[in-house]
> 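One structure, pasted below without further comment.
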2 protein chains.
Amino acid sequence: MRIGEVAERAGVSVRALRYYEEQGLVIADRTPSGHRRYPESAVERVRFIQLLYAAGLASKAIRQILPFLDTLVATPQMTRRLMDERARIRDQIDALTRAHDRLDELIRLSAEYENAPAACSAT
Amino acid sequence: MRIGEVAERAGVSVRALRYYEEQGLVIADRTPSGHRRYPESAVERVRFIQLLYAAGLASKAIRQILPFLDTLVATPQMTRRLMDERARIRDQIDALTRAHDRLDELIRLSAEYENAPAACSAT
DNA sequence: CTTGATCCTCACGTTGACGTGAGGTTCTAG
DNA sequence: CTAGAACCTCACGTCAACGTGAGGATCAAG
């Protein structure tokens, strides 16, 4: 599979795939002329990488987690990394929830204002 | 109130406060000699800014929202911005939740491995 | 055999929220 | 009155995940 097809099917740019390789997240064979060749599994792997990037993991953290996907052999470091990141994500969800609730309040207030522009202080 | 105290009480760096001023998020008086003077309310304001930054809002978005806090007068642009950001945050929470659940699976698998290292494939 | 699509490797540019000196002034406590 | 803490303004550095050409090789089709 060529890089363009992987990119399209995984929903990322060609440049991103080259970057992932540079970071050691995806390994690609090469044709004699130097073009990258990917296995089918690369598509799912890249989607998983995107999932983790979207959750704010750094490439370093992803690099520490990915080998587990391949081997299903977990070192203590991997397990700890997994749990650390899960905790970080939980914290992040909490922070986002707080912000969401706060924006909700403000939106209610602004709706109130729009329904009674001239008597806003009377509500 | 001087900048150092605001920084400590709001839990941010002095540099961050100067940056917020540069971005038009916090206004500070000046003493004749040029030192910044903040009102008490600055502490809460800065905490709110931090809440929004933590939720991934850009300073531009925060700048469009903050006037509402002061005046309680919402322009349609403010309301739209509030709702856009709320939606963005909801999406982000969803993405984080997906990643969290996925990590959960992996952690369960890795725990399984650690409990039966030699018979991992037999589980 | 040629042409247009796809691929390659540098390598610099981007964006945001600050960090980090440099070099100098002002405040405060003793 | 003096030392050290706190403040000031530049202004360049950082980090991450790519974007964006430049300049050139390779591939698939007619």
Side-chain angles (χ1 to χ4, degrees), chain A residues 1-39 42 45-66 81 85 88-89 92 95-96 99, chain B residues 1-38 42-43 45-66 81 85 88-89 92 95-96 99:
Chain A
M1 207 175 181
R2 297 165 64 182
I3 194 172
E5 192 181 345
V6 179
E8 189 180 358
R9 286 176 51 186
V12 302
S13 68
V14 167
R15 175 69 176 101
L17 291 179
R18 297 205 184 102
Y19 175 74
Y20 296 165
E21 182 174 354
E22 194 179 311
Q23 297 300 308
L25 305 180
V26 179
I27 308 128
D29 282 353
R30 297 298 182 118
T31 66
S33 62
H35 288 193
R36 293 172 177 80
R37 279 285 122 118
Y38 295 86
R45 188 183 183 88
V46 170
R47 288 201 183 123
F48 181 64
I49 293 174
Q50 280 290 108
L51 181 78
L52 296 184
Y53 269 132
L57 274 81
S59 60
K60 183 185 170 188
I62 298 177
R63 189 164 48 237
Q64 288 182 26
I65 285 175
L66 276 175
R81 175 60 87 171
E85 293 298 340
R88 210 190 43 69
I89 289 174
Q92 182 65 12
L96 286 169
Chain B
M1 208 175 179
R2 296 165 65 182
I3 193 171
E5 192 181 345
V6 178
E8 190 179 357
R9 285 176 52 187
V12 302
S13 69
V14 167
R15 174 68 174 101
L17 291 179
R18 297 205 185 101
Y19 176 73
Y20 296 165
E21 183 175 351
E22 193 179 312
Q23 296 301 308
L25 305 181
V26 179
I27 309 130
D29 280 355
R30 297 300 182 117
T31 67
S33 62
H35 288 191
R36 291 172 179 80
R37 281 282 121 119
Y38 295 87
V43 174
R45 189 183 184 88
V46 169
R47 287 201 182 122
F48 181 63
I49 292 173
Q50 280 290 108
L51 181 78
L52 297 183
Y53 268 132
L57 274 80
S59 61
K60 183 184 170 190
I62 299 178
R63 191 165 44 239
Q64 289 181 25
I65 286 175
L66 276 176
R81 176 58 90 172
E85 293 298 341
R88 209 190 44 69
I89 290 174
Q92 183 65 11
L96 286 169

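This structure is a prediction, so every number in the text was calculated from the model and none was measured. Each chain gets a letter, A, B and so on, in the order its sequence line appears, and its residues count up from 1.
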> How would you list, by chain and number, every residue that makes a salt bridge (charged side-chain N to carboxylate O under 4.0 Å, His left out) with A:R36, sequence neighbours excluded?
A:E21
> Using salt bridge (charged side-chain N to carboxylate O under 4.0 Å, His left out) as the criterion, list what pairs up with A:R9, not counting sequence neighbours.
A:E5, A:E40
> Just N and O in the side chain of A:Y19: are any of them under 4.0 Å from OP1 or OP2 of D:dC18?
no
> Residues from residues 52-64 of chain B sitting under 4.0 Å of DNA chain D, heavy atoms only?
none
> If the condition is side-chain hydrogen bond (donor to acceptor under 3.5 Å, both in side chains), which residues does B:Q64 pass it with, not counting sequence neighbours?
B:R81
> Excluding sequence neighbours, so at least two apart, what forms ring pair (Phe, Tyr, Trp, His ring centres under 6.0 Å) with A:Y53?
A:Y20
> What pairs meet the salt bridge (Lys or Arg N to Asp or Glu O under 4.0 Å) rule with one or both residues in residues 45-66 of chain B, with sequence neighbours excluded?
B:R45-B:D70
> Enumerate all atom pairs, one protein N or O and one N or O from nucleotides 3-7 of chain C, separated by less than 3.5 Å.
from, atom 1, to, atom 2, distance (Å)
C:dT6, O3', A:R2, NH2, 3.3
C:dC7, OP1, A:G4, N, 2.8

> Could you go over nucleotides 20-22 of chain D and give all protein N or O partners under 3.5 Å, atom names and distances?
from, atom 1, to, atom 2, distance (Å)
D:dT20, O4, A:R15, NE, 3.2

> Looking at residues 22-29 of chain A, who's got a heavy atom less than 4.0 Å off DNA chain C?
none
> Could you tell me which residues satisfy side-chain contact (heavy atoms from CB on, under 4.5 Å) with A:R88, sequence neighbours excluded, listed by chain and number?
A:L57, A:E85
> Go through the structure and list residues passing side-chain contact (heavy atoms from CB on, under 4.5 Å) with A:L51, not counting sequence neighbours.
A:F48, B:R98, B:A99, B:R102
